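Below, all heavy atoms of this structure are taken into account, side chains as well, without hydrogens, waters or symmetry copies. Everything numeric in this text was worked out from a predicted model, so none of it was measured. When a residue number appears, it is its place in the shown sequence, counting from 1.
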Amino acid sequence: MVRLEQFTTGVDTVVSRMRALDGAWPEHDGVAVFNRVYLAVTQEVDRRLDAAYFPDPRAAIALDVRFAERYLAVAEEGPVPACWRPLFQFRRHPGVRPLQFALAGINAHIGHDLALAVVDTCRALGCEPAGLEDAFERVGDLLVSLEERIRDELMPGPDLLQLADPLTHLLGAWSLERAREAAWSAARALWALRHLPDVAEEFGRRLDAAVGFASRMLLTPLPH
């Protein structure tokens with residue numbers, strides 16, 4: 001138990017950093033919208049760790065912290081990769097709705113950062129991606145359940161969107177489940193390429209650009 005508490009300190013630190021960001025940005029800022037979503041996800045992971053939801057808590061914590069670090073490095077005024085650039089460029093655009101901001105951030109973080117975080121964690125723990133698959137799937141299942149809640153909370157209007165609303169069509173083109181599957185495939189590919197650094201770097205650049213393109217589509221300004 002002492003060892004687990006030492007590991008969870010990293011999760012607590014991540015939560016504290018996200019809370020600090022939340023207090024520094026205006027409520028309707030697009031990055032702030034995503035940050036609140038991600039804070040809720042991280043707090044839920046922390047609760048599930050306390051409830052012994054993860055069979056291998058050490059692997060789950062290592063993956064969760066390295067995953068979060070990828071976002072925090074950008075949010076705390078670090079370099080902005082292509083996958084995050086649309087969200088930061090459009091964060092104050094009046095024609096982009098809160099749900100779009102949230103999903104664009106999720107797309108960037110899962111589509112790009114998660115694959116790199118898996119590789120980071122494998123190196124840190126000295127394991128193959130297969131050794132993290134259970135933690136990956138359990139965190140992914142948690143994200144799916146939270147995505148449903150996010151859509152309910154951020155969906156405009158008291159009822160479901162009308163079929164004619166362009167947001168309905170825009171959001172229907174993106175799937176968290178498909179993004180998860182693509183992230184796992186990308187992580188395995190990057191791990192297989194780890195002894196070919198030039199090829200791995202090129203793969204990473206193309207992944208970054210492709211995810212950024214999808215985020216830009218999600219942030220298409222819409223009429224209210």
Test item: [X] side-chain N/O and [Y] main-chain N/O as donor-acceptor pair under 3.5 Å:
{"X": "Arg17", "Y": "Leu72", "answer": "no"}
{"X": "Asn35", "Y": "Met18", "answer": "yes"}
{"X": "Arg194", "Y": "Trp191", "answer": "yes"}
{"X": "Gln100", "Y": "Thr220", "answer": "yes"}
{"X": "Asn107", "Y": "Val211", "answer": "yes"}
{"X": "Asp208", "Y": "Ala82", "answer": "yes"}

Rounded to the nearest 0.5 Å, how far apart are CG of Asp113 and CD1 of Ile106? 12.5 Å
Check whether NZ of the Lys or CZ of the Arg Arg91 lies under 6.0 Å from the centre of the six-membered ring of Phe101 and within 45 degrees of that ring's axis. no
Report yes or no: is the cationic atom of Arg36 (NZ for Lys, CZ for Arg) closer than 6.0 Å to the six-membered ring centre of Trp25, at no more than 45° off its axis? no
Are the ring centres of Phe34 and Trp84 closer than 6.0 Å? yes
Which of parallel (below 30°), tilted (30 to 60°) and perpendicular (above 60°) describes Phe136 and Trp184? tilted
Indicate, with yes or no, if Val139 and Val11 share a hydrophobic cluster defined by side-chain heavy-atom contacts under 4.5 Å among Ile, Leu, Val, Met, Phe, Trp and Tyr. yes
Hydrophobic cluster membership, with links at side-chain heavy-atom distances under 4.5 Å among I/L/V/M/F/W/Y: are Leu116 and Ile110 in one? no
Neighbour count above 12 (heavy atom, 6.0 Å) for [X] [atom1]:
{"X": "His93", "atom1": "NE2", "value": "yes"}
{"X": "Arg206", "atom1": "CZ", "value": "no"}
{"X": "Arg188", "atom1": "CZ", "value": "no"}

Heavy-atom pair of closest approach, residues Ala59 and Leu125: CA-CD1, 4.0 Å
Could you check whether any side-chain heavy atom of Val33 comes within less than 4.5 Å of a side-chain heavy atom of His28, counting everything from C-beta outward? no
